[in-house]
Structures are given as C-alpha cells and as structure tokens.
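The shown structure was predicted, so the numbers you read here are calculated from the model rather than taken from an experiment.
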Amino acid sequence: MAKKSFRQAVNEALSQEMARDPRVIVMGEDVAGGLGAPGEDDAWGGPLGVTKGLMKQFGRERVLDTPITESGFIGAAAGAALTGLRPVADLMFVDFMGVCFDQIFNQAAKFKYMFGGKARTPLVIRTMYGGGFRAASQHSQCLYPLFTHIPGLKVAIPSSPYEAKGLLIQAIRDDDPVIFFEHKMLYDIEEEVPDEPYTLPFGEANLTREGDDVTIVAFGRMVMLANEAADRLAGEGIACTVIDPRTTSPLDIETILEEVRATGRLVVVDEAHPRCNMATDISAQIAERAFEALRAPIRMVVPPHTPVPFSPALEDIYLPSVAKIVDAVRAVMAGGRKAA
Amino acid sequence: MAKKSFRQAVNEALSQEMARDPRVIVMGEDVAGGLGAPGEDDAWGGPLGVTKGLMKQFGRERVLDTPITESGFIGAAAGAALTGLRPVADLMFVDFMGVCFDQIFNQAAKFKYMFGGKARTPLVIRTMYGGGFRAASQHSQCLYPLFTHIPGLKVAIPSSPYEAKGLLIQAIRDDDPVIFFEHKMLYDIEEEVPDEPYTLPFGEANLTREGDDVTIVAFGRMVMLANEAADRLAGEGIACTVIDPRTTSPLDIETILEEVRATGRLVVVDEAHPRCNMATDISAQIAERAFEALRAPIRMVVPPHTPVPFSPALEDIYLPSVAKIVDAVRAVMAGGRKAA
Amino acid sequence: MQLNRDELLRAYRDMCLIRQFEERVHAEFATGDIPGFVHLYAGEEASAVGVCMDLTERDTIASTHRGHGHCIAKGCDVDGMMAEIYGRKSGLCGGKGGSMHIADLDRGMLGANGIVGGGAPLACGAALSAKTLKTGAVAVAFGGDGASNQGTTAEAMNLASVWRLPVIFVLEDNGYAESTASAWSVGGDPVKRAEGFGIPATRVDGHDFFAVHEAAREAVARARAGEGPSFLHLKLARYFGHFEGDGMTYRAPDEVARLRAEKDCLKLFRRKVSEAGLLEGAALDAIEGEVATLIEGAVRRAKADAMPEPADLLTDVYVSY
Amino acid sequence: MQLNRDELLRAYRDMCLIRQFEERVHAEFATGDIPGFVHLYAGEEASAVGVCMDLTERDTIASTHRGHGHCIAKGCDVDGMMAEIYGRKSGLCGGKGGSMHIADLDRGMLGANGIVGGGAPLACGAALSAKTLKTGAVAVAFGGDGASNQGTTAEAMNLASVWRLPVIFVLEDNGYAESTASAWSVGGDPVKRAEGFGIPATRVDGHDFFAVHEAAREAVARARAGEGPSFLHLKLARYFGHFEGDGMTYRAPDEVARLRAEKDCLKLFRRKVSEAGLLEGAALDAIEGEVATLIEGAVRRAKADAMPEPADLLTDVYVSY
Ligand SMILES: Cc1ncc(C[n+]2csc(CCOP(=O)(O)OP(=O)(O)O)c2C)c(N)n1
Ligand SMILES: Cc1ncc(C[n+]2csc(CCOP(=O)(O)OP(=O)(O)O)c2C)c(N)n1
Ligand SMILES: [Mg+2]
Ligand SMILES: [Mg+2]
C-alpha cells in the first residue's frame, strides 16, 4: 500500500479493470490525446491528466479519443454497453450533460425497464464536477441531483482516493449505468490506497467520524470539509457522526436513519444548487421516517440559488465551507427539543 | 366570462399576448403545421392542437414551424430573447429536454449572471408533461424538478384553465426565462376563464381549499386530485388546506410555512420521480423552518422510483391518486404529537 | 437480382406481415382498445425488409417511433409485438414499453425509440462493439427525414466516419415529419450532407424492394469488409397519419390513394417478380393468406392475454439496487 | 482591396490589440495572478478582425471559449475585459463571468461560451430577431474545428438554411480541438457539409486578413440582402496551448515557431499593405506602441481594481424573483 492521489487512484482503477476484462473500454475527448497530431501520442490523458498512460497500455482500440460530440459518443457508449462492451465514457465536465442528457436519461437509464427487463447496460460515465477551480458558471456545477432524480441510473460520488478506486471498480463491474462524479479539487489529494483491486459497495454509507451529538451527511469533497468541521467541533465538545453515503442512488437511507435516531440531530452538506438537491432529498426522507427522533430542525448547508460565480472573491463565499458547517452544527445543538 | 378548456385558455393567452406585443413570437415543431405540404396550412397547431389558429391570425413570420432540432430552435429562441424578441418556444414534450438542455440551463438561465446583470432573456418554453396518456417512459415524465434545480430559470405549473391563462400571460411578460409546464391530461378540463387578459403572479401560492387539520401541497394536475381528496376527507371530518404554489421557482414557501404552522401537518403530492423532487424540496424547507410547528411526520405522495410504465394496468398504479392522497392525510392525522 | 426463391418468398412474407400488422393495428386502434401513441409503418415496408434482408441475428438495428416494420423485418415475434402494443404481460417488453419501445435484443433489435434521432448514436455503439469484439456484425440506424435534422444524426455520422464503424445510416424520407414536409424542413441534400461527413451515400427509390436491397447489400458488404459507414437516402411514403388520430389534412386529398395505386411496394414487388418469372401469383396469394391468419391470431391472443401484475411495476429498473 | 486608410489602420490596430492582449495575458497567467481556464486567441487575429470589419454595433456575434479576439474585434472595452479576466468588479461582467463568459450586449457581443458549439443556435436567434424586427442586422457564429462536429452546429446550419436567416457561420479551423487534430476529428469536408445543408460555403486562408475580409464582406452582403446564411471555413493557427497550462506536446517541436515565422497574420498584413504602398511602416509601428500603452494600462488597472463585494454574489440571477 502506498500514498496515491485521487487522480492516480482513478487511473489505477481503470487500468486494473481494463487488464482484467477485455470488454472494458475507455472513450472520450482527448482521453489519450494527440490523435492525428504530429507530436506526442497520448499527449493529454484528459484535460487534467487522469487517463494518461492508459492508451499506451491498452492501445487506441480500447482507449478511444472522440470528436467533440457528446450525444454521439455517450450514446455510442450506451449502445456498446447494450451489445457486449463495458464502456467507461468520459463526460469531462458534468456541466456538458446538457448536450447529451437524452442518451443518458431516456436511453441508457430506461433500456432495462422499457424493454421489459431484457437489457443490461454496464455503462460508466465519469465526469468532473464542483467548484473551487475558478472555472465559472459552465464548468463548476455539481448536478448530481439531476441524475439522482432519474430512475435507472446509479450515481457515485467518491470523497477520497481510497473511495475513488473502490467505487470506480464497483461501477465498472456493475451491470447498471453509473454516473461517476469526480470533484476536480480532489485530484491532488493523497491517501493510502491498496495496490490490488477492490470494490466498495453501492448503497452502503461510510462513517468517517462517529459521535453522539449530531449527524452530518455530506457528499464528495464536502465529506472532507465535514470531517474538518467535526474535528474542530470536537474541540468544543460537540461529537459528530459524519456519513459519506458514497452513492446518492442507491442511497443508504437506513444508515442515516439509524444515526439520526441515535443523535436526534442532522446537518446535510450539499455543494449542489439548493433546490431539489440531495440535501432536500435526505432531509425529506428523514423528516418523513425519523420525525419522532429529531430533536432539532434539520439544517442544510448549501450554496445560494445562483449560478457559480467566477471571481475568487465570490466563489469562496458561494461554496459551503468548514465554517458554515460548524455554524450549522452549533445551531442544531442550540435549538431543538430534549431527548425523547 | 365563459367556460373554456385548458387548451383554449393557453391558446387565448398566446393570441392575446401576440396581439398586444409584436415582439412575441411562437416557434416549435408543427406549432402551425403543414409547411411545404400540399394540403391544409396550419394543419396541426401542435400535436394536441393547442396553438391551432395562431398562424392564421399572425402569419408565418410570428408563428414559426421548425425542423426537428430542439437545440437549434430553443437556442435560437434564447438568442432571440437576448436581442429583442419575446419568444414562446414549444418543447412539445418535456421528455425531449435531454436533446436541448444545454441551451436552457447553461445558456438562457445563466446569461444574466454570467454577463454581470446586463442581459435580459424574456424566453418562455412551453412544454407538455405528465402521465396518464399511456405514452410510456419517454413521453410521460414530469421533470420540473430538474428545471427548478437551476438558478436563473423560473418554473410555472398551472393546475387549471384559469391558472393556465393567467400564468402564461405572466410568463410572456416576465423578463426572465420561464419553463411553462402543461399537463397533457388537463387540456380538456374546462372552467370559467375571463375573456380579457390577466396575469397571475409568480411566487404567490393559491389556496384552493382551506381547513384546519392538514395542509396539502400539490402541483399541476395533482392539485385537482388533492382537491378531490380534500372533498372526500371533508366527509370524514378532516379539514384540509390545499395549496397550489403555481410556480416551483420562485416558490412561495412563506404561504406554505404559514399554513403548516396553522395545521401542524403536511402532505406533499408530486407526480415527479421521487428523488430530489418538489416533494423533497418542500418537505426539507418545512422541516428546516417550521419544525417546531409540525405535529406529525411530513408525508410525500409520489410515484415509485421507476420509469413510467406503458401498460394502463401499471401506469394507473404508478401515478399518485386521490386514494393515495386520502391515505396519506389519514396517516398524518393518525400519528404525531399533540398541538404545541 | 441475386435472391433465390426462398429469399424472395421471405421478403414478400415480411412485407405482407408488416402491411397487415399495421392495417390491423390501425383498425383496432379505432375501436379504442389500443392505448397510447401509435405510429404506423404501412407503405414503407420495402425499406425495413430490403435493408434487413442480408442481416443476421448478430447484426443490430436501432429503430424509431415508427418501429413495427423494423421489428418484423428483424425477426421479432408478431404475437409478442401485438401483445406489447396492447400493454399485456405477454408482450415483448412485458407491457412496460408499448409501441414506441418494442425491442428484442436476442434478434438484434435494439429498440424502437420515442426520441427522434435517438437511435443513430446507439447504432454507432453497437457497431463499435462489433468492431472491438471483432464479431463481423453490422449495425443499422433507421431514421426519418425529420430525424435527419437532429444534431444526434450529424454527430453519429461524423463519429462513424472517423471511427470507420460498420454502420449503415438509413434515412427513410417519407416526405413528412409530423405534418411538416421534408421538402421544407431538410435544407440542402441529405446525400451531400453524408458525403460532407466522408460517408459514401446513395439515393434509392424506397418503394422498390430490389433497389433498396441492392443498395443495402453493398453497404453491408462495405461494413463487413471494415470499410466503414454508408448512408442510404430512401424516398418513400407512409399511408397512415403521423400517429393514429392524425387527420392528415396537410396532405393532398388524393395523395395516399394515388400512392397506394401507383407506388405501392407490395404491388411493385409482385409486378417485378412476376415479370421476371420468379414467383407465381398463387404463391404470393398463399403468403397473404398465411399472414392474415397469423395477424388474426396475434390480435386474438393479445386481447385475451393478461395485463401485468402490480408487482411488475417495480421490477426491471436495475439489475441490482 | 476596398478598404481606405482609416479602415486599414483600424484593422491593424485591432489585430495588434488582440495579439498584445493575449501575449500579455499569457505572461500574467504564468505569474499565477489570473484564475481559471484561459484560452488564448493569438495567431487567429485575422479571423476575428476580418470578419467583424464590416459589422456595426447593431450586428451581433456569438463567440467561443477562445473569445478575447472576438470581443476586441467587436469593440469591447479592453480595460473591462482585462478586469473581467482578473475577476474584478470593474470587469465587463462584474467579475461574475471571467474569460470564458465575456459579453457586451451593447456592442453586439453575445458572449464567449464555455460550451463547445453553444453559440451557433444563439446566433440564429439573433439573426431571427434581425429578420423579424427588420433591423437589417447580421449575426455571426464563430466556432472551432472541434465545434464543427457538435450537433448544435449542424442543427443551427439547417435551421438557418430553412429559415433563410441572415447569419454567417465562421469555422475557425486552427488544426486542433484540445490536443486532437482536426485532420482526424473532422470527417469529410466542412465546406461540403455546409453545402449539404444548402448553405453557400467557401474555404479561406485564415492567416490573410484580406482574404477573410473579402469572404466575410460577401457573406454580410448576402445576409443583408435577405439571401440567407453563408459559411466560411478558415484555416489558421493558434500560437499558445489549448488553455494556459497546456504543454502542447502533441504539436511538432518547431510548429509554432514556424507558424510565427511563416504564416503570421500581422506580418502578412504588413507585407501586403507595404507592397501595395497603402500604409507605411512608421504608422504601423506607431499603432503597436499605442497598443502597448493601452494593454499596460489595462493590466495595471485590473490588478488595482477592487474585487466584487459579498452582496454581489446574490444579484443578477433574475430580473425579478
Ligand atoms: C427529440 C424529439 N423531438 C420531437 C419529437 C416528436 N416527434 C415524434 S415523431 C416526429 C416526426 C418524425 O419525423 P421523421 O423523422 O420524418 O419520421 P416519420 O414520423 O416520418 O417516420 C416528431 C417531431 C420526438 N419524439 N423527439
Ligand atoms: C460541450 C463541450 N464539450 C467539451 C468541452 C471541452 N472543450 C473546451 S474547448 C474544447 C476544444 C474546442 O476545439 P475547437 O472547437 O477546435 O476550438 P479551439 O479550442 O481550437 O479554438 C473542448 C473539447 C466543452 N467546453 N464543451
Ligand atoms: Mg418522415
Ligand atoms: Mg480548433
């Protein structure tokens, strides 16, 4: 075991699964790069270098650069998944989903149901999401709530290098279409990641901190912030449980219910736009199913209802932060009813 | 005043606004119909005849049939809105949003913010939504939660002919992009609709029933079902307030808060897929802001997490129904705490 | 003409089967028994059958909202199709899909499609599977004149061109997209467009089974030889409305009657085979009779078959969840 | 050559302004002061300036992620642009947009665009406004070789064709989309594609301001005369990486140096005007000096200007809400 970056973890998962199963292919814009160009082949490995080296290892027949034509190649990935391959398609930034969403939500997601169960669509769509990169409104969105909304899709959001490798291998071996969200600010984060392949199950939450006072649920990069907040709060004598659900669809609501029943207090941290997002989804499910256990209002830590601004001065205050999570936890500790 | 169908109400709103303002244009596939064909001109007026007659009244320069090219013409509508027109674009079925979502959510919705406030984008996108038509998975979805999620968009969902006319005229006069949802099962519903133009404000909920026991929030066609449920429950001595928010973005959360504070009980009825939908959105906001007033868990009446099935035998049990709403209300009456 | 007697009989049988299937669905729809949107293929039979003639079960097709003909030509079970259209549990999709979503993956029929232009990228994917797994299979994307303007079609053509995929794009130009004439909606020339993407393209009389088959055969051969995609622009006609319920006022009053009289692909087939002395009228009549019995049985069974059960609502969303 | 002295001076000034703007942003980016993704236009100046030469403020352009050149050619304020790139409140978009979203509606600049292919439909809309409101205005959609494969581009071309919109599609083919060569990614021939949509199309040397201007002038005239869309395929080159930070290892080692030496649009312009005796070197040198001062001031001001205030986060989402 060695320290690996999130980028390396993703790359390793792809490489190991491609080695294991010849049906796994990778496709997307510049996933290798340099095609038709006079210089270096495999020049890019995606804009942030995540798939670099795969083409040299597996050749251009299994690492396919595409024209800029997301409906075309995401649809082709769906069609290929329906007919014997296990494609991992690269949607680069999830913000681009608007040019190809139909192939995802009306085609890949619905094949199995529309066709009466006969299809399987082992498709993975990897995509970058999230703010902090100063990439402005069209390259900073989260949008996983849109995919979570759609029956037939699975949605994974790894929060660390270890999670990324295990969840991506699971995604590739999974027989349903999976949208795999990689936060672009996590790529350089490092932690211990086993060298051998392993899977992390979908729909099983991970508890990254345990404490009796408040339950915090967070996704992707927000898990890091929630852990930091929990550490800081521990200093104030507030003990937090931090839940990383790993996947929003399926969602391990049972674990969240259980923890909320124990703490009676819930804060949900979601980097996505605030309306109809995962914070509302979890709050609502808990308010419906663990109402009696709640000792204080559920708090949602989310950005305001605005596009993601470009200027660092604005983006920094736009995003959920450790401070905002700490405040929310303090607020749920302050208010509310006694233990039942 | 005369009885008019929902279809007529929409048509009248369009016709009156086109007469009032020469910048209002209508565009979409077969919104007139018969273009280039040997038979009747204005042959269709859309697949369900909603825009029929407008072309004869205003000519092909203002009622523009388009090729099947939603990104192209919805994007053109956005560009036209940015440069002096007030287009009403017809997205036929909202299920088709996946081929043109980018032009809606990354372009039209974000112009104003990305451009530092200088743009205005008076664009209306009319679209059919909802189940009951036996139209199967790709022609029966609701999907308004996806649009509600996006900052910069407004989302209107009229629940009756009267609402349709007033909200559509408001949408056309509004200077922000509005997605206007028409439930295809409502077109033949009739009620009294004033002949003259009028607007209904966005972000102001309408109370269609008032009662002290339970608050029901419902959208679009579900308002009809909620009213029916309320009538039925009145016979059992349960008095319901039924709230039609009219628009999901902006959302009149204040009125819902006020009513929930009064009744202490909330049922939200949403025909959309259950995850990250309006039922979760409202539940979460109420659980955060009116927690102390709640006397029972909030109940959500929503379809299961599956695509919309084709077979009438399945679609009928898939959709929220009066019986399901009645059950939910009974359940929130049965459980819960005493009044504070 | 390179087809033997059996092949000719099969072609005629499939075209008849489509025609009678559609005429019957048209009649049954009028009774109110058939739910939903139904788009009929009658009149266009030479396309589906001519194109699919040289395909095997390994080969795949991606179809459209007007998919019954493609299904039949690709070998889907007619009872299963009819039951599906009636929303029965015995339907090819267990009643969950309906007319617009009939699929049979075992026959290489990747699905009708409710989204115009939705199928072309999927066909590229099937072709990519064939190429990557070296199965030698070919994929066909059917699409209408309306679909030819959809961005997905253009993207798929370019992708197929640069990836040299074994895929055939078949543009079924029936003159209309809903009520809008292709003469208006399709700017320029589809054949030139395809050539602009670097794809060999030809225009074919879509009423003529033999012309379609000839062009398709060449395209299939090109694909199997690893020479990449082809494009066929078929000019043909639909006999019924865009969907059942369409009054067709946008067409000339005698338009369909004239088409049926002068351009009908079944009549043309009969004339050609009899002029060439390949098949005698009696054999063709016999086929029509057999087909009628088949359709009668399919409708009878579909009507009698059970609806899906409530528990079916929740299955088939995921392989595992 | 139909341009007078003032016009020629303006053309050279705008091209210089773009070049120096980009060279300077390149240098400043390297210091780490400029946030986000920045795509530079250096090398392609003859396109933006040649195309926009005959446009007025009433006319509109839809730009791309590589938009600085289009902005300058369309008359955007250079201080406002630089401040925007630095994320300052004084920026053209109040710091909310950044390099990828600079717009100035008063100058008919409808916005850079972070979505490849996003601009073509918008330009059709602007052209529709012009046509409907009878303003006589023309709209231009700029797009790269990569964008030419995007479905939106094809849809917009067909829409413009059948609606006969006063729009000009300008394909800036700089040989690469990110690291992928257009020689690979663009199947067939863009000019033939455009013709396939029924749009008059020409290929032009995009390094040659005069050739670009000539072709654009014809296209503008056609649009103003109500004769519909045109398409220009410009072959040109970018000098910097796809975005700042791109190592450009996919290019030949001497590729850019050679392009700068042999194909540079500014050098070509100088040579042509001096060979024709239209402008003397001193006048051109003077322009370069003025421009340098302008850029220096823009950077100095941008660095000194204030960041947006916290309250700005929440404004400009809606006109009213
Ligand atoms: C993306 C999308 N847009 C619009 C529709 C509605 N629609 C269904 S069929 C059709 C016309 C299709 O025309 P064409 O491709 O020529 O096929 P044909 O019906 O003539 O067989 C339209 C507009 C749709 N289903 N999907
Ligand atoms: C829909 C979409 N897909 C992918 C990208 C990522 N991307 C940004 S620029 C670019 C290359 C564009 O190439 P081209 O159109 O040739 O323009 P150039 O950069 O050469 O000016 C890509 C792939 C994007 N921004 N939007
Ligand atoms: Mg057609
Ligand atoms: Mg390029």
Side-chain angles (χ1 to χ4, degrees), chain A residues 28-49 60 65-73 75 92-93 95-100 102 132-141 184 303-319, chain D residues 34-37 84 86-89 91 93-101 113-118 144-152 175-187 242-243 246-253 255 306-310 312-317 321:
Chain A
E29 291 153 18
D30 302 86
V31 287
L35 196 48
E40 189 196 6
D41 217 15
D42 199 28
W44 265 41
L48 302 188
R60 287 219 176 259
D65 280 344
T66 67
I68 305 177
T69 181
E70 285 84 1
S71 273
F73 80 78
M92 203 180 297
F93 294 90
D95 310 70
F96 307 160
M97 54 84 76
V99 299
C100 61
D102 185 73
F133 216 82
R134 312 335 189 175
S137 306
Q138 293 175 341
H139 287 72
S140 304
Q141 296 166 92
K184 52 182 97 68
H305 185 64
T306 79
V308 185
F310 163 65
S311 180
L314 297 178
E315 195 182 27
D316 286 342
I317 58 173
Y318 168 87
L319 291 169
Chain D
I34 294 179
F37 286 116
E84 187 59 35
Y86 273 89
R88 309 293 151 153
K89 178 148 180 159
C93 307
K96 284 176 176 169
S99 166
M100 260 193 295
H101 305 296
N113 208 313
I115 303 299
V116 170
D145 45 285
S148 75
N149 296 321
Q150 193 65 291
T152 49
Y176 299 97
E178 293 185 348
S179 73
T180 301
S182 59
W184 177 79
S185 74
V186 182
H242 169 66
F243 44 41
D246 171 13
M248 288 205 282
T249 58
Y250 48 91
R251 301 180 85 162
E255 188 178 318
M307 283 289 181
E309 335 256 307
D312 295 329
L313 177 63
L314 303 180
T315 55
D316 302 329
V317 185
Y321 196 63

What part of A:Thr69 is in contact with chain D, defined as an atom under 4.5 angstrom from a non-hydrogen atom: side chain, backbone, both or neither?
both
Classify the ring geometry of D:Tyr321 against A:His305: parallel below 30°, tilted from 30° to 60°, perpendicular beyond 60°.
parallel
Answer yes or no: is there a side-chain heavy-atom contact under 4.5 Å between A:Gln138 and D:Met100?
no
Contact origin within D:Asn113 toward chain A - heavy atom pairs under 4.5 Å:
both
Contact class of A:Glu70 relative to chain D, heavy atoms under 4.5 angstrom:
both
Atom group of A:Thr66 that falls short of 4.5 Å from chain D, counting heavy atoms
backbone
Go through the steps for D:Lys96 and A:Leu314 under the test side chain to side chain contact (heavy atoms under 4.5 Å, CB included), then give the verdict.
CA-CA 8 Å; D:Lys96 284 176 176 169; A:Leu314 297 178; 3.9 Å; yes
What part of D:Glu255 is in contact with chain A, defined as an atom under 4.5 angstrom from a non-hydrogen atom: side chain, backbone, both or neither?
side chain
Taking the side chain as every heavy atom from C-beta outward, state whether D:Ser185 and A:Ile68 have any pair of such atoms under 4.5 Å apart.
no
Say you draw a straight line from CG of D:Leu314 to CD1 of A:Ile317; how long is it, rounded to the nearest 0.5 Å?
7.5 Å
Is there a donor in the side chain of A:Asp30 and an acceptor in the side chain of D:Ser179, or the other way round, less than 3.5 Å apart?
yes
Spacing of CD belonging to D:Glu178 relative to CG belonging to A:Leu35, to within rounding of 0.5 Å
13.0 Å
Less than 4.5 Å apart, any side-chain heavy atom of D:Val186 and any of A:Pro67?
no
Note, D:His101 side chain near A:Phe310 side chain (heavy atom, < 4.5 Å)
no
Could you measure the distance from the OG1 atom of A:Thr306 to the CG atom of D:Asp316? Nearest 0.5 Å is fine.
10.0 Å
